Amino acid sequence: MESIQALKNQDHSSGRLLKDKLVLIGVVILSLVTISPIMLIIFKLVMEGYRQISLDFLIQNTPDTFEAMTAVANGEKIPGGIANGIVGTLVMVVLAAVIAIPVGVLTGIYLYENQGKMMANLTRNVSDILQGVPSIVLGLISYLWVVKHVTSGYSALAGSVSLAIMMLPMIVRSTEETLKMIPQTLKEAALALGVPYHKVILRVLVPTGFSGLLTGILLGISRILGETAPLLLTALGSSRINLDISEPTSAIPLLIWEFYNDPNMIDLIWSSSLLLMAIVLILNIVSKQLAGKRN
Amino acid sequence: MTNTIAEVKKPILSINDLSIAYDKNYAVKNVSVEIKKNTVTAIMGPSGCGKSTLLRALNRMHELYENISTEGEVLLNDSNIYDMSPIKLRRHMGMVFQRPNPFPTMSIYDNVIAGYKLNGIRTKKKERDEIVERSLRDVALWDEVKDSLYKKGTFLSGGQQQRLCIARALAFSPEVILMDEPTSALDPIATSKVEDLLVKLKENYTIVLVTHNMSQAARISDYSLFMYLGELVEYGKTKNMFTNPIDPRTEEYLTGKFG
Ligand SMILES: Nc1ncnc2c1ncn2[C@@H]1O[C@H](COP(=O)(O)OP(=O)(O)O)[C@@H](O)[C@H]1O
Ligand SMILES: [Mg+2]
């Protein structure tokens, strides 16, 4: 009986079935349109970039124009690598994180603790506005603050400051959102044990929300990894590995920009972009995984 | 015989003319009651009558809410808890909540010892081991978890988690344990285990238990408070209250007319 009824229902809705199918096909096509740019980018980067990737690429400094020109003229692989950019990016990103994480996490805690209060709302809004400030403007600010008055010249520190300001709102937001998701009962459990309020935050809430905080920090880092504009005004670039934060320093995106401006170095654009893209992708996947674990 | 001795003993908690208001709405009105040592005292009443507010006032957890005002006094062994530091007070007044809430980042062991760890109270490893074993034995959980002390507390079943939370409250050897509907999230078997436990724990502790389960109050409590709209309607021995309620409102509640 039941199966006959089911068949009848199916008969009735065959028109709807067709519509369902059309919608499904539409959805699939639009999804493909959405993911095709990223697929094409990855395809292009791998095809053009893999030839240059080798150990030398990771541990040698950028070649000078003449070396590159000779290699290109002889149809050889361009010598050298982008070690100065890799180290510079590492130094500046770590320094930016060291500046932005404590400030961002503490601000996030402050916002969480003062829901609905005027100062907190003001801080949250300003932080949101900061997130929308164009990165070149942050570079200008850091130029005025640090390049002119602290390091008296282009420097890694100036680059880090501009990157830290970029990261800050993301960390503030993710800290507040993470803490808000922790059940109130956990806080009460700790308070009922006679634990003072600041210790409840630092020893219960922060560890419980740790993966959430880490997700925000990783996303913030992957956001600043590829920033070029503010670094042009602050870190400037360098053809050698530099660990002195008061000196001009290179970074992977800065090198990509330099390679773009030198017709002999075109090949290095692709391999550098491939490396940068790979790092950003890995960071994104790791932070997604962490966020998934939390839920 | 023992009963009469208990009767003359001084109360461990004296609640004197206690009123608590959220903004201007009184949730607890002029409650006066004496809680006797080594007893289980049940707070009963329909939901919203102020049971949780009264219970939380006993370890000053109610002060977490904003716009709360408190009048009257609560004496713990003759000293007014509102003159003590809430942090010290809470170590004398353990609390167990409606839903089991072990710390998810901590192992079973660390959950039990959490009061010491989170407060930064230094103890020797041997001392800690003893506290953990004693507390887990007290809640009859030791045999079930002694081989997995370093696993996360959140892996346990709901009933085990609740007993872990009771063990966590016992680790400080508090004088009083406050419980807010501790079995309402548990299945019947886990509930009866916790109930058996409370009867046993009163040998060493004083228990104040909020429950809206009348048969639970009848089964395990020695004294009962019946509250209605923030007022203490009736207080007495549980047996007397269930057989011979004085106030008509108590009778109506116990016979299921409202609640
Ligand atoms: N945080 C709060 N803010 C304002 N009113 C509250 C708050 N908590 C409880 N109340 C009010 O106080 C009264 C007593 O609540 P409660 O003590 O939780 O009752 P019970 O535990 O008996 O259900 C209720 O009318 C409730 O609406
Ligand atoms: Mg309640």
Side-chain angles (χ1 to χ4, degrees), chain A residues 101 105 108-121 124 174-218 287 289-295, chain B residues 52 55-56 58-66 81 84-106 110-121 135 152-154 161-162 164-172 174 176-180 185:
Chain A
I101 291 170
V105 169
I109 291 173
Y110 169 78
L111 295 185
Y112 164 74
E113 283 304 322
N114 294 282
Q115 297 292 325
K117 302 241 176 82
M118 211 186 67
M119 260 316 277
N121 288 342
R124 189 180 300 108
S174 73
T175 303
E176 188 190 2
E177 295 301 321
T178 303
L179 293 179
K180 268 161 91 177
M181 274 169 55
I182 297 175
Q184 190 71 12
T185 54
L186 225 51
K187 203 162 134 188
E188 293 196 334
L191 287 168
L193 290 170
V195 182
Y197 210 82
H198 68 278
K199 285 189 184 167
V200 174
I201 291 171
L202 294 179
R203 298 191 178 176
V204 178
L205 298 189
V206 170
T208 305
F210 186 72
S211 65
L213 297 190
L214 204 58
T215 304
I217 290 167
L218 289 182
S287 53
Q289 216 95 54
L290 279 173
K293 223 188 240 169
R294 196 151 41 102
N295 303 327
Chain B
S52 298
L55 189 80
R56 294 166 70 94
L58 302 181
N59 67 347
R60 299 180 60 174
M61 288 288 282
H62 72 309
E63 289 170 12
L64 297 181
Y65 298 124
E66 276 168 36
I81 64 166
M84 298 164 71
S85 114
I87 295 197
K88 292 232 176 71
L89 168 70
R90 287 172 193 159
R91 294 177 197 170
H92 294 288
M93 309 279 270
M95 188 165 228
V96 177
F97 298 82
Q98 205 163 344
R99 297 195 163 273
N101 53 0
F103 298 117
T105 52
M106 295 187 195
D110 285 345
N111 260 290
V112 178
I113 206 79
Y116 292 81
K117 272 191 90 165
L118 294 175
N119 279 304
I121 300 171
S135 309
K152 290 261 152 59
T154 39
Q161 286 189 23
Q162 193 60 309
L164 176 62
C165 293
I166 299 174
R168 177 174 70 188
L170 294 180
F172 271 134
V176 181
I177 307 166
L178 309 170
M179 300 187 165
D180 196 346

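These numbers were taken from a predicted model, which means no experiment stands behind them. To find a chain, count down the sequence lines: A is the first, B the second, and so on, and within it residues start at 1.
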Would M179(B) and I166(B) count as a side-chain contact (heavy atoms from CB on, under 4.5 Å) if you check the C-alpha gap in whole Å, the side-chain angles of each, and the deciding distance to 0.1 Å?
-> CA-CA 9 Å; M179(B) 300 187 165; I166(B) 299 174; 4.0 Å; yes
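- Heavy-atom distances place no part of P174(B) under 4.5 Å from chain A, backbone and side chain included.
- The shortest distance between side-chain heavy atoms of L58(B) and M95(B) does not fall below 4.5 Å.
- Proximity to chain A is absent for every atom of L89(B), based on heavy atoms less than 4.5 angstrom apart.
- Counting heavy-atom pairs closer than 4.5 Å to chain B, the top-ranked of the candidates P183(A), A192(A), A190(A) is A192(A).
- Contact of F103(B) with chain A is made through backbone and side chain together, with heavy-atom distances under 4.5 Å.
- In this structure, the separation between CD1 on I109(A) and CG on L179(A) is 6.0 Å, given to the nearest 0.5 Å.
- Residues satisfying the side-chain contact (heavy atoms from CB on, under 4.5 Å) test with L202(A), not counting sequence neighbours, are none.
- M118(A) places none of its side-chain heavy atoms less than 4.5 Å from the side chain of N121(A).
- One finds the CD1 atom of I217(A) at 6.5 Å from the OG1 atom of T175(A) (value rounded to the nearest 0.5 Å).
- Using a 4.5 Å heavy-atom threshold, the side chains of L186(A) and P104(B) count as touching.
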May I have a list of the donor-acceptor pairs under 3.5 Å that connect chain A with chain B?
{"unit_1": "T185(A)", "atom_1": "O", "unit_2": "N101(B)", "atom_2": "ND2", "d": "3.0"}
{"unit_1": "E188(A)", "atom_1": "OE1", "unit_2": "R56(B)", "atom_2": "NH1", "d": "3.4"}
{"unit_1": "E188(A)", "atom_1": "OE2", "unit_2": "R56(B)", "atom_2": "NH1", "d": "3.4"}
{"unit_1": "E188(A)", "atom_1": "OE2", "unit_2": "R56(B)", "atom_2": "NH2", "d": "2.8"}
{"unit_1": "L193(A)", "atom_1": "O", "unit_2": "N119(B)", "atom_2": "ND2", "d": "3.3"}
{"unit_1": "G194(A)", "atom_1": "O", "unit_2": "R91(B)", "atom_2": "NH2", "d": "3.2"}
{"unit_1": "K199(A)", "atom_1": "NZ", "unit_2": "N119(B)", "atom_2": "O", "d": "3.1"}
{"unit_1": "R203(A)", "atom_1": "NH1", "unit_2": "K117(B)", "atom_2": "O", "d": "3.1"}
{"unit_1": "R203(A)", "atom_1": "NH1", "unit_2": "L118(B)", "atom_2": "O", "d": "3.0"}

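- Contact annotation: the side chain of M181(A) never approaches that of E177(A) to less than 4.5 Å [non-hydrogen atoms, C-beta and beyond].
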